2 protein chains.
Amino acid sequence: MAHHQLGELDEKILKLIIGNARMPFLEVARECNVSGAAIHQRIQKLTNLGVIKGSEFIVDNTKVGYETCAYMGLYLKTPGQFPSVTEALKQIPEVVECHYTTGQYDLFIKIYAKNNQHLLNIIHNKLQPLGLARTETLISFKEAFKRQIPIEIDYED
Amino acid sequence: MAHHQLGELDEKILKLIIGNARMPFLEVARECNVSGAAIHQRIQKLTNLGVIKGSEFIVDNTKVGYETCAYMGLYLKTPGQFPSVTEALKQIPEVVECHYTTGQYDLFIKIYAKNNQHLLNIIHNKLQPLGLARTETLISFKEAFKRQIPIEIDYED
DNA sequence: TGTGAAAAGACTGAAAG
DNA sequence: CTTTCAGTCTTTTCACA
């Protein structure tokens with residue numbers, strides 16, 4: 001498996017920092033009973049391995065003017081459209097996630113818009129010109145909760 | 001609107017830090033041509049206002065053993081189930097997002113599982129006992145991209 | 001709100017067990 | 001893989017504009 005390089009210390013570090021990217025590494029070190037340099041080097045390693053892909057501040061979308069959150073399922077006309085449509089979606093900043101999916105849809109995306117009218121504008125002016133076969137829209141009117149993946153590493157060695 | 005307290009400096013700060021929670025505030029200060037203390041106070045203010053809700057490290061799900069990512073639409077039997085089902089979903093760590101939605105479904109959730117079998121186990125053992133009317137599952141077999149909401153504040157005052 | 005200064009604390013890399 | 005150490009940079013607070 002892809003995560004065979006990770007040990008208990010890595011797991012403990014990830015659990016501590018995954019939900020708080022501003023936690024000082026020295027504090028992590030104290031929690032783990034190792035030196036600060038050890039944490040520094042482990043996090044470096046986790047970053048080099050691609051386990052850690054970056055960090056983010058979590059911003060309340062409604063407080064920066066995005067009242068509408070929607071998911072959309074997209075049907076392509078032909079599978080050949082995958083690369084061009086994905087590239088075009090990347091050019092639309094309001095599209096914040098894009099997945100290739102099995103079953104129902106070909107692509108599944110998440111969009112933030114200022115309001116419902118803005119969402120309609122995005123659909124009409126930016127999505128429809130892409131030449132999709134069909135789309136389906138699902139509007140989230142409240143995010144009940146959102147959190148991180150649970151870190152529970154199996155040591156299969 | 002909810003974001004009327006935010007000014008140009010707040011916008012600039014948010015744009016700089018939203019995609020890198022480890023950026024030193026002094027570096028933000030230099031980019032913005034203000035003192036470090038000013039950035040410190042602004043970020044404090046943004047946190048107090050709830051604009052900033054926290055920070056996270058972005059971890060590659062496949063590298064910590066979660067190969068399967070799925071979205072599920074849930075139909076309730078009665079609207080009265082909303083609170084209890086939401087609460088029950090919160091007890092399932094693999095459910096990382098939960099939205100109240102209009103139209104098609106009542107609830108819409110995002111799940112990470114170790115593999116497809118594990119996803120089936122979660123559905124059978126944890127979701128079906130909740131007494132839902134029906135569910136629909138959508139499996140993402142590749143996340144083409146994922147990014148942050150664009151920060152573009154209107155100054156309507 | 002913003003600033004500068006000062007103390008405390010954190011980061012980072014080198015060298016060594 | 002871990003530690004200690006040293007130099008440098010950051011965070012945080014506070015008095016003041």
Side-chain angles (χ1 to χ4, degrees), chain A residues 1-60 63-65 151-157, chain B residues 1-60 63-65 151-157:
Chain A
M1 282 206 185
H3 55 291
H4 63 287
Q5 305 101 327
L6 304 183
E8 280 186 60
L9 181 53
D10 298 299
E11 178 177 346
K12 200 163 179 186
I13 293 169
L14 284 175
K15 279 185 180 170
L16 284 167
I17 66 174
I18 195 167
N20 178 10
R22 296 291 300 187
M23 185 174 192
F25 295 169
L26 269 182
E27 201 176 325
V28 178
R30 287 187 290 264
E31 295 272 341
C32 297
N33 293 111
V34 294
S35 70
I39 300 297
H40 183 243
Q41 288 166 51
R42 287 287 184 135
I43 290 181
Q44 197 83 266
K45 184 197 73 178
L46 290 169
T47 304
N48 292 151
L49 287 173
V51 176
I52 291 174
K53 297 196 286 185
S55 63
E56 287 177 342
F57 270 99
I58 307 161
V59 166
D60 184 327
K63 302 229 166 124
V64 291
I151 302 289
E152 292 300 339
I153 295 167
D154 302 328
Y155 309 103
E156 63 254 55
D157 310 82
Chain B
M1 282 204 187
H3 54 294
H4 63 287
Q5 306 101 324
L6 305 183
E8 281 185 58
L9 181 54
D10 297 300
E11 179 178 347
K12 201 162 178 185
I13 293 169
L14 284 175
K15 279 185 181 171
L16 285 167
I17 66 174
I18 195 168
N20 179 10
R22 296 292 298 188
M23 184 174 190
F25 295 169
L26 265 183
E27 199 175 325
V28 178
R30 288 186 291 263
E31 295 271 342
C32 297
N33 294 112
V34 293
S35 70
I39 300 297
H40 185 251
Q41 290 168 54
R42 288 286 185 137
I43 291 181
Q44 197 83 266
K45 185 197 71 176
L46 290 169
T47 304
N48 292 151
L49 287 173
V51 176
I52 291 173
K53 296 195 286 187
S55 63
E56 289 176 341
F57 270 98
I58 308 162
V59 166
D60 184 326
K63 301 228 165 124
V64 291
I151 302 289
E152 293 298 342
I153 294 166
D154 303 327
Y155 307 104
E156 63 254 55
D157 312 79

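From a predicted model like this one, the values you see are computed outputs, not experimental measurements. Hydrogens, waters and symmetry mates play no part in the numbers below; they use all other heavy atoms, side chains included. A note on names: the letters A, B, ... follow the listed sequences, proteins ahead of strands, and every chain is numbered from 1.
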Protein-nucleotide distance ([X], atom [atom1]; [N], atom [atom2]), rounded to Å:
| X | N | atom1 | atom2 | answer |
| --- | --- | --- | --- | --- |
| Ile39(B) | dC9(D) | CD1 | P | 19 Å |
| Leu46(A) | dC1(D) | CG | P | 11 Å |
| Arg42(A) | dT3(D) | CZ | P | 10 Å |
| Lys45(A) | dT12(C) | NZ | P | 17 Å |
| Ile17(A) | dA10(C) | CD1 | P | 16 Å |
| Ile43(A) | dT12(C) | CD1 | P | 10 Å |
| Asn33(A) | dT4(D) | CG | P | 12 Å |
| Met23(A) | dA10(C) | CE | P | 11 Å |

Do [X] and [Y] make a side-chain contact, defined as non-hydrogen atoms from C-beta onward lying under 4.5 Å apart?
| X | Y | value |
| --- | --- | --- |
| Ser55(A) | Ile58(B) | no |
| Leu6(B) | Leu46(B) | yes |
| Val64(A) | Asp60(A) | no |
| Asp10(A) | Val51(A) | no |
| Ile52(B) | Ile17(B) | yes |
| Lys63(B) | Leu49(A) | no |

- Query: Nearest to the side chain of Pro24(B) - dT3(D), dT10(D), dC11(C)?
  - Reply: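 For Pro24(B), the side-chain atoms sit closest to dT10(D).
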- Item | Per Leu26(B) side chain, nearest of listed nucleotides dT10(D), dT3(D), dT3(C) |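 Shortest atom-to-atom distance from the side chain points to dT10(D).
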Is there any protein nitrogen or oxygen under 3.5 Å from a nitrogen or oxygen in nucleotides 12-17 of chain D, and what are the pairs?
residue : atom : partner  : partner atom : Å
dT12(D) : OP2  : His40(B) : NE2          : 3.4

- Nearest heavy-atom neighbours spanning Glu152(B) and Lys15(B):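 That would be OE2-NZ, 3.5 Å.
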- Message: With a 4.0 Å limit, can you tell me whether Arg30(A) has a side-chain N or O closer than that to the phosphate oxygens OP1/OP2 of dG9(C)?
- Response: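 Indeed not, no polar side-chain atom of Arg30(A) lies that close.
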- Compute both the distance and the angle, then confirm whether Arg42(A) meets the cation-pi test with Phe25(A): under 6.0 Å from the six-membered ring centre, within 45 degrees of the axis.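 Negative - Arg42(A) is either too far from the ring of Phe25(A) or too far off its axis.
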- Terminal axes of the helix from dT1(C)-dA17(D) to dG17(C)-dC1(D) (five pairs each): angle between them, nearest 10 degrees: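 End-to-end axis angle for the helix from dT1(C)-dA17(D) to dG17(C)-dC1(D): 30°, rounded to 10°.
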- Backbone N/O of Cys32(B) and side chain of Lys12(B): donor-acceptor pair under 3.5 Å: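 A pair under 3.5 Å: no.
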